[in-house]
A.B. asks: 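Provided herewith is a single structure, encoded as C-alpha cells, for subsequent inquiry.
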Amino acid sequence: MADQIEIITGSMLGATEYVAEQVQTELHQAGFNAEVHFQPDITQIRQSGIWVLCSSTHGAGDLPDNIQAFANALPDSDLSQIQFIVIALGDSSYDTFCQAGKTLYELMCKSGAKPLSELFCIDVLQHPMPEEVAGEWLANQLAGGLFESN
Ligand SMILES: Cc1cc2nc3c(=O)[nH]c(=O)nc-3n(C[C@H](O)[C@H](O)[C@H](O)COP(=O)(O)O)c2cc1C
C-alpha cells in the first residue's frame with residue numbers, strides 16, 4: 001500500500017478544493033496518508049508513489065491559474081515512478097468540457113506516469129455538490145482495489 005498520496009488541486013473558485021478535501025477524507029478512511037496541495041509546487045511534491053490530480057477548467061478550456069506553473073513543469077519532469085488518477089470538474093455547456101483535466105492527464109502520461117483509471121469527469125451542471133460525486137466514485141474505486149498493488 002502507498003504510504004503517502006499527493007492530492008494536487010487546480011481551482012479558481014473553490015469547488016475543486018472541496019473535492020480535494022473529500023478525496024483526502026476518503027483516503028484517510030481507507031487507511032492512506034494523503035496531503036492536499038492547494039498551491040502545487042512541483043519541487044515540493046514527492047515524485048514517486050501516487051498522485052491524485054483534481055482540477056476544474058476555466059477560460060475556454062484553460063487550467064486554473066494556481067496549477068499552471070505545475071503543469072508547465074510536467075514536460076521537463078521524469079514521472080516514471082508515479083501512478084495517478086485525475087478527477088476533472090467542468091460544465092457541459094462548454095465545448096471545452098473538462099479540458100483542463102484532459103490536458104493534465106495527457107501531460108502526466110507523456111512524462112511517463114502511469115494512469116490507474118480513466119479520467120473521471122464531473123459535470124457541475126448536473127451535480128451541484130461535486131465533492132459528493134467524487135467521494136462516492138473514489139470510495140467505489142478503492143473498494144475495487146484501485147491502489148492495492150501499490
Ligand atoms: C469563467 C469560467 C469559464 C469556464 N470555462 C469552462 C470550460 O472551458 N470548460 C468546462 O468544462 N468548464 C468551464 N467552467 C466551469 C468550471 O470548471 C466549474 O464551474 C467548476 O466547478 C469550477 O471549479 P472551481 O471552483 O474549483 O474553479 C468555467 C467557469 C467559469 C466561471
Side-chain angles (χ1 to χ4, degrees), residues 2 4-30 32-77 79 82-144 146-147:
Q4 171 80 27
I5 296 178
E6 313 294 342
I7 304 168
I8 293 155
T9 310
S11 179
M12 293 287 268
L13 307 172
T16 312
E17 295 185 352
Y18 289 120
V19 168
E21 287 171 344
Q22 188 61 42
V23 164
Q24 185 183 38
T25 299
E26 296 293 340
L27 290 173
H28 283 166
Q29 284 174 2
F32 295 98
N33 292 318
E35 181 179 355
V36 183
H37 302 272
F38 291 114
Q39 298 295 331
D41 173 350
I42 201 161
T43 65
Q44 302 297 313
I45 299 174
R46 203 172 57 132
Q47 297 194 15
S48 62
I50 295 173
W51 288 4
V52 178
L53 294 95
C54 305
S55 184
S56 62
T57 297
H58 276 269
D62 300 332
L63 293 159
D65 291 347
N66 75 307
I67 201 170
Q68 283 187 9
F70 171 91
N72 289 342
L74 289 177
D76 298 324
S77 306
L79 304 183
I82 294 175
Q83 298 176 308
F84 74 98
I85 61 174
V86 179
I87 298 173
L89 268 67
D91 178 328
S92 60
S93 65
Y94 288 85
D95 291 344
T96 48
F97 177 55
C98 285
Q99 182 57 49
K102 293 173 190 169
T103 300
L104 288 167
Y105 193 99
E106 284 168 16
L107 287 170
M108 292 291 294
C109 289
K110 278 186 185 157
S111 290
K114 181 184 166 213
L116 293 173
S117 80
E118 292 180 4
L119 176 68
F120 182 60
C121 292
I122 302 174
D123 183 0
V124 299
L125 208 55
Q126 291 184 33
H127 301 290
M129 303 281 280
E131 64 274 21
E132 290 181 357
V133 181
E136 281 171 26
W137 176 80
L138 184 59
N140 281 333
Q141 295 287 316
L142 290 169
L146 178 67
F147 298 152

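Only this structure's heavy atoms are used, side chains among them; waters, hydrogens and symmetry mates stay out. Remember, it's 1-based here, ligands and their atoms both numbered in the order they're listed.
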A.B. asks: Just jot down the ligand 1 atoms closer than 4.0 angstrom to any heavy atom of G90, in number order.
C.D. replies: 10 (C), 11 (O), 12 (N), 17 (O)
A.B. asks: How close does the nearest protein non-hydrogen atom get to atom 15 (C) of ligand 1, and which residue and atom is it?
C.D. replies: D91 CB, 3.7 Å
A.B. asks: Please identify which atoms of ligand 1 are closer than 4.0 Å to at least one heavy atom of A15.
C.D. replies: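 Taking each heavy atom of A15 in turn, ligand 1 has 21 (O), 23 (O), 24 (P), 25 (O), 26 (O) under 4.0 Å.
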A.B. asks: Looking only at side-chain N and O atoms, does Q29 offer a donor or acceptor that is under 3.5 Å from a partner on T25?
C.D. replies: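 No pair is found: no donor N or O on one side chain lies under 3.5 Å from an acceptor on the other.
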A.B. asks: Distance only, no hydrogens: is a donor on one side chain within 3.5 Å (strictly under) of an acceptor on the other, for H37 and E6?
C.D. replies: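 The answer is yes; a qualifying pair exists.
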A.B. asks: Note the single closest protein heavy atom to atom 29 (C) of ligand 1, along with its residue, its atom name and the distance in Å.
C.D. replies: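 Here the closest protein heavy atom is Y94 OH, 3.6 Å.
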A.B. asks: Heavy-atom contacts with L89 under 4.0 Å: which atoms of ligand 1 show up? List them by number with element.
C.D. replies: 17 (O), 21 (O)
A.B. asks: Answer yes or no: is there a donor N or O on one side and an acceptor on the other, between the side chain of R46 and the main chain of Q4, under 3.5 Å?
C.D. replies: yes
A.B. asks: Any idea which of T57, L125, T9 brings a heavy atom closest to atom 14 (N) of ligand 1?
C.D. replies: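 Heavy atom nearest to atom 14 (N) of ligand 1 belongs to T57.
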A.B. asks: Do T57 and L63 have side chains that get closer than 4.5 Å, going by heavy atoms?
C.D. replies: no
A.B. asks: Between ligand 1 and H58, is the shortest N or O to N or O distance under 3.5 Å?
C.D. replies: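 Between H58 and ligand 1, an N or O pair is found under 3.5 Å apart.
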A.B. asks: Quick check: does G14 get an N/O under 3.5 Å from an N/O on ligand 1?
C.D. replies: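 Checking ligand 1 against G14, an N or O pair does fall under 3.5 Å apart.
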A.B. asks: For ligand 1, note which part of V124 has a heavy atom under 4.0 Å away: side chain, backbone, both or neither.
C.D. replies: side chain
A.B. asks: Give me the nearest non-hydrogen protein atom to atom 23 (O) of ligand 1 as residue plus atom name, then the distance to 0.1 Å.
C.D. replies: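 Ranking protein heavy atoms by distance from atom 23 (O) of ligand 1, first comes S56 CB, 3.1 Å.
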A.B. asks: What I'd like to find out is whether the side chain of Q47 reaches to under 4.5 Å of the side chain of S77, using heavy atoms alone.
C.D. replies: yes
A.B. asks: How about D95: does its CG atom have over 12 heavy atoms from other parts shown lying under 6.0 Å from it?
C.D. replies: no
A.B. asks: So, W51 versus Y105, ring centres under 6.0 angstrom or not?
C.D. replies: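 W51 vs Y105: aromatic centres not under 6.0 Å.
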A.B. asks: Decide whether an N or O pair under 3.5 Å exists between L13 and ligand 1.
C.D. replies: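 By distance alone, the answer is yes.
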A.B. asks: Can you tell me which residue and heavy atom of the protein come closest to atom 5 (N) of ligand 1, and the distance to 0.1 Å?
C.D. replies: G59 O, 3.0 Å
A.B. asks: Are any side-chain N or O atoms of E17 and backbone N or O atoms of F38, one a donor and one an acceptor, separated by less than 3.5 Å?
C.D. replies: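 Judged by distance alone, no pair lies under 3.5 Å.
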A.B. asks: Around atom 11 (O) of ligand 1, find the nearest protein heavy atom and jot down its residue, atom name and distance.
C.D. replies: C98 N, 2.8 Å
A.B. asks: Could you tell me which atoms of ligand 1, counted from 1 in the order shown, lie closer than 4.0 angstrom to a heavy atom of S11?
C.D. replies: 24 (P), 25 (O), 26 (O), 27 (O)
A.B. asks: Near T96, which atoms of ligand 1 are under 4.0 Å from a heavy atom of that residue?
C.D. replies: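 In order of number, 7 (C), 8 (O), 9 (N), 10 (C), 11 (O).
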A.B. asks: I want to know if ligand 1 touches M12 in the polar sense, i.e. an N/O pair below 3.5 angstrom.
C.D. replies: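 In this structure, M12 places an N or O atom under 3.5 Å from an N or O of ligand 1.
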A.B. asks: CD1/I50 to CD1/I85 distance, rounded to the nearest 0.5 angstrom?
C.D. replies: 8.5 Å
A.B. asks: Please walk me through it: do L116 and F84 pass side chain to side chain contact (heavy atoms under 4.5 Å, CB included)?
C.D. replies: CA-CA 6 Å; L116 293 173; F84 74 98; over 6 Å; no
